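Input: a single structure, listed below in structure tokens.
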Amino acid sequence: MSEHKQDTKRSSTAKSSRIPIEHNEDVEFSEDLADQEDWEALERSERADRRQQQRF
């Protein structure tokens with residue numbers, strides 16, 4: 001595993017240990033605390049929402 005991937009894995013593990021998140025629990029998005037992965041996830045989520053809206 002590359003060093004970058006290990007660092008990313010460690011930081012995401014550290015993040016998850018600070019904020020306990022249950023299955024299907026909504027979490028508020030904070031622009032101040034967001035990193036690149038958070039912004040990418042938000043973008044994917046918005047695209048998925050638009051696809052769902054087009055089906056109805």
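Every value quoted in this text rests on a predicted model; they were computed, and no experiment measured them.
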Worksheet entry | Other residues, nucleotides, ligands: >12 heavy atoms within 6.0 Å of Q52 CD | yes

Worksheet, complete the sentence: Distance col, row E40:CD vs Q36:CD, nearest 0.5 angstrom, shows 4.5 Å

Worksheet item: What's the shortest heavy-atom distance between D38 and L33, and which atoms?
Response: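 Looking at all heavy atoms of both residues, the closest pair is OD2-O, 4.0 Å.
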
